[in-house]
Every structure is written in C-alpha cells, then in structure tokens.
Undergrad: 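Structure provided below as structure tokens; questions to follow.
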Amino acid sequence: MIQKILIANRGEIALRVLRACKELGIKTVAVHSTSDADAMHVRFADESVCIGPPSCRDSYLNMHQIVAACEIAGADAVHPGYGFLSENAKFAEILESHGITFIGPTSAHIRIMGDKIEAKKTAVRLGIPVVPGSEGLISDDTEARKVAHKIGYPVIIKASAGGGGRGMKIVRTAADLQVSLAAARSESKAIFGSDCVYIEKYLEKPRHIEVQIIGDGAGKAIHLGERDCSLQRRHQKVWEEAPSPALNAKDRKKIGEIVANASAQLGYRGAGTIEFLYEDGEFYFIEMNTRLQVEHPVTEAVTGVDLVHEQIRIASGEHLSISQDKIYCSGHAIECRINAEDPINFMPSPGLITHFHTPGGLGIRIDSAVYSGYRIPPHYDSLIGKLIVHGRNRIECMMRLRRALDEFVVDGIKTTLPLFQYLIKNTDIADGNYNIHWLEDFLARKADDKA
Ligand code: ADP
C-alpha cells in the first residue's frame, strides 16, 4: 500500500482526498501557494510544502516544484484531484520517471483522451456511439462544407485541444460556415495554442449524461451508473444528479454495459468518466475525463462507494474492492455547486467570508474548504463548496435540498445560493424536465423580467 500521498491541489478537492487518505491510514502532504498558507487543506495535512506565489502557473501548475515537494517530503504517490495537472500526461510521466505513483490512469490513456479527435476514434473502436461528424481534423473550407452538408445543419465546430466548454462555434447555415471556421481556428489558436478543429452535428436539445467507471488497469472495469449534468451555464455544470430523471432502466443498462466493456477493453486504470449527449433515446460520446470529477459525490451518495478509496487502492496495485453485481444504486442524489459569484451576473465575488453556516441532518453532505473568517483569494476558481443531498427518491431528495438551502448561510460575499433557491421552486426542475440549454434560457427570461 502507498504510505504517503502528496495532494497536488487545493480547496475542497484537496480536503476530500485528504479525508480518504486519513481513513486509509495514509500520511498526507499538502502543497500550497503563498496565498493558501492558512487554507484548510494545509491545516489538516500531516505535512505541507509551499510551492510558490499565488498565480497557478507558478504554484499548482508548476510540475517541477511539485516533484521537488514530493522528494522533500518523501511522498511515494501524488493525487492530482481535478483541474490543474490532473489530465496532464507529461506530469504523470515525470512522476513515474521519479518512481512516484501517479494516482490516475497511464499517461498514454490521458494523452489519447486529452486529444478530442483521438478520443473519438478510440470511442468508435471500442464500440461507443459518437456524434456524427468529420472523421478527423478539418483541413480546409471545402472539406468543412462537404462534412457539414453530409451531416446536415446545424453543426458545431470544436477545437481538437479544447476543454472547459471553450473553443466551440455553432453554425446554422452554409452561408456562415467559412466565417465561423476562421473564427473557431483563431480562437482555438489563442486559447489552446493549436488551430486544429473538427465538425460535429449540433444536437438541439440533448441532455448531458455521463457514466462513472473504475478500472483496475488489468482488464477489469465496472460502471457506477450515470449522472445527469444537463443544468449548465456556459458549458459549466451547475447542478448534477444521479440517477438521471430522463433515463429508463433499459437505456441505463445499455449505456452502463457499453461503457464498462469499453473501459475493460482499453485496460483503463483508475476512475474515469465517459460523457455523452443524450437525445431521443440515443447516446452520443463527447469526451472521456481521465480523473475524478467535481460531481463524483452524487455517485458516491447513491452507490455508497468511496471513489477516492478505490483510486488509491488501484494505484497501490490492489484489485477493485467491488464487482459489478455488487453495485446497487439506491435513492437519488443532487449536487449544487456553490460559487463565490454574483447570482445575477455571475461576476466573481472573492473576499472575506464573515459568517459560514452549513446545513446538516440526514442525507446532507457538504464538501467545502472554507470557514467563517476565511478570505477567498482572487487567483483561483470560484467554487466554495458543494452541497450534496441524498434521499430515498427524487421527491424526498428535492424536499431535503430545499430545506438545506434555507439553512445555508454565507455572509460577506455574494454566492450562487439564491440561484438554487429559484431552481428548486421551478416546475420543470421538479419534473426533471430540462436539457443542456434550459438554464441559460431560464436566466435569460429572468433577466428580461427584471428589465
Ligand atoms: P469541453 O471539453 O470543452 O467541456 P465537451 O465536448 O465536453 O467540451 O462539450 C461541452 C458541452 O458543450 C457539452 O456538455 C454540451 O453542452 C455542448 N456540446 C458539445 N458538443 C455538442 C454537440 N455536438 N451538440 C450540442 N452541444 C454540444
């Protein structure tokens, strides 16, 4: 078993991983920037190492500092959390070359899935359904026109190196294709350093449904059901639930089996998520995330499986602790991402939290690393906590969530809590009747009402 884990992250996810390590009796090393010296993950870890100034580039993204921190502290493994270096194949390689275990998949798998075109080709090879589109990169305008004509408008141009919902352009008519293609290429070059793009059919009203998997790296893999993450703003997830209110038992079983078989064939190691758009009873692969997801707690709530325990166990060379026939999904779980942002215009709202009171009671989980008197630094993302609620069914879960939101108090800064208080009262949300555009439409209507 791994003896000492360095957690190459901050905030709630660093704390989440730390908790799992403590439960498994593994020593922990926190790393932090100068602005995070008083952060909760630093206080709770057995040891900590300062890895640089506040800017992410110089601290949490600084591979050499992190490897040096491993050597100083004598860590034998690194858990990358999500974001930062979690999907950086080079980082995984550097660690392995220093004899340090990367708690995640092989660098080869990270690399394949980080390249959207390679990922899509791999998905096809593994029998996963994909969105119709170009077979690979689009070389010029003529090819783009041909592909778009074949699959039919609207289409979406996507950056091969894209991520975080950026670098995408929707094209509704042939007349707009050329201009959008040029814009997509230059935007992608500016953001990701590559102007490689590809084209897909644009689905008008899909849901975002993703399946959690874990593999042992030796050809065994299981799935832990799906999460519905259709409530998004600017392609960023806001509310996630498991199971999806839109799936029937047959489709659920079908996609779970496809994904578990594909992950086993790939020889995938560790936790991963395969993301789909789902429309009219069909699934379309969009990407695979080769790491723990922000929304993993909803899966933990319904399955009772601690995903970080499993990640550590597999990285230590052990087998999966569970088999597919022992995975039962029980009840319903919803996660709300609470951000330090204005709930109307979503501008970041860093600063001093003067009072922080979290809800409690049966079925409530709070994953957060903030506290009363904590000053949110302006350098990082605005997630300050996740409220995860579990109930025996969706109705109970929603009733409990409504009550929990009423109990949650964050003073001193603006947060997105009021947004959830609106959502929980909405009949579409109550009915589970929404798609990936629903939230943006709802926010636009609300803005119009105010005007
Ligand atoms: P990223 O890696 O940038 O997050 P994804 O490929 O996962 O990009 O897509 C992010 C979001 O963009 C999806 O959740 C969905 O809302 C939207 N999207 C992506 N592809 C399509 C498509 N073919 N049709 C409609 N919407 C899409």
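What you see below is based on every heavy atom in this structure, not just the backbone, and it leaves out hydrogens, waters and symmetry mates. Both counts, for ligands and for their atoms, begin at 1 and track the order of listing. What you are looking at is a predicted structure, and each value in this text was computed from that prediction instead of being measured.
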Undergrad: Filter on salt bridge (Lys or Arg N to Asp or Glu O under 4.0 Å), then keep only pairs touching residues 290-302, sequence neighbours left out; what's left?
TA: R16-E300, E87-R291, K237-E295, E295-R337, E300-R365
Undergrad: Within 45° of the axis and under 6.0 Å from the centre of the six-membered ring of Y198, does NZ or CZ of K120 qualify?
TA: no
Undergrad: How long is the gap from NZ on K205 to OG on S230, to the nearest 0.5 Å?
TA: 13.0 Å
Undergrad: Can you confirm if the aromatic rings of F442 and Y434 lie within a centre distance of less than 6.0 Å?
TA: no
Undergrad: Pairs under 3.5 Å, N/O atoms on ligand 1 and on the protein: can you put them in a table with the distances?
TA:
residue	atom	partner	partner atom	Å
ligand 1	2 (O)	K116	NZ	2.9
ligand 1	2 (O)	E287	OE1	3.2
ligand 1	2 (O)	E287	OE2	3.1
ligand 1	3 (O)	G164	N	3.2
ligand 1	3 (O)	G165	N	2.5
ligand 1	4 (O)	G165	N	3.3
ligand 1	6 (O)	K116	NZ	2.9
ligand 1	6 (O)	K158	NZ	3.1
ligand 1	7 (O)	E287	OE2	2.9
ligand 1	8 (O)	K116	NZ	3.0
ligand 1	12 (O)	H235	ND1	3.1
ligand 1	14 (O)	H208	ND1	3.1
ligand 1	14 (O)	Q232	NE2	3.3
ligand 1	16 (O)	Q232	OE1	3.1
ligand 1	20 (N)	K158	NZ	2.9
ligand 1	23 (N)	E200	OE1	3.0
ligand 1	23 (N)	K201	O	2.9
ligand 1	24 (N)	L203	N	3.0

Undergrad: Calculate, to the nearest 0.5 Å, the distance between atoms CG and CG belonging to L419 and L423 respectively.
TA: 4.5 Å
Undergrad: Checking H332 against E241: is there a side-chain donor and acceptor pair closer than 3.5 Å?
TA: yes
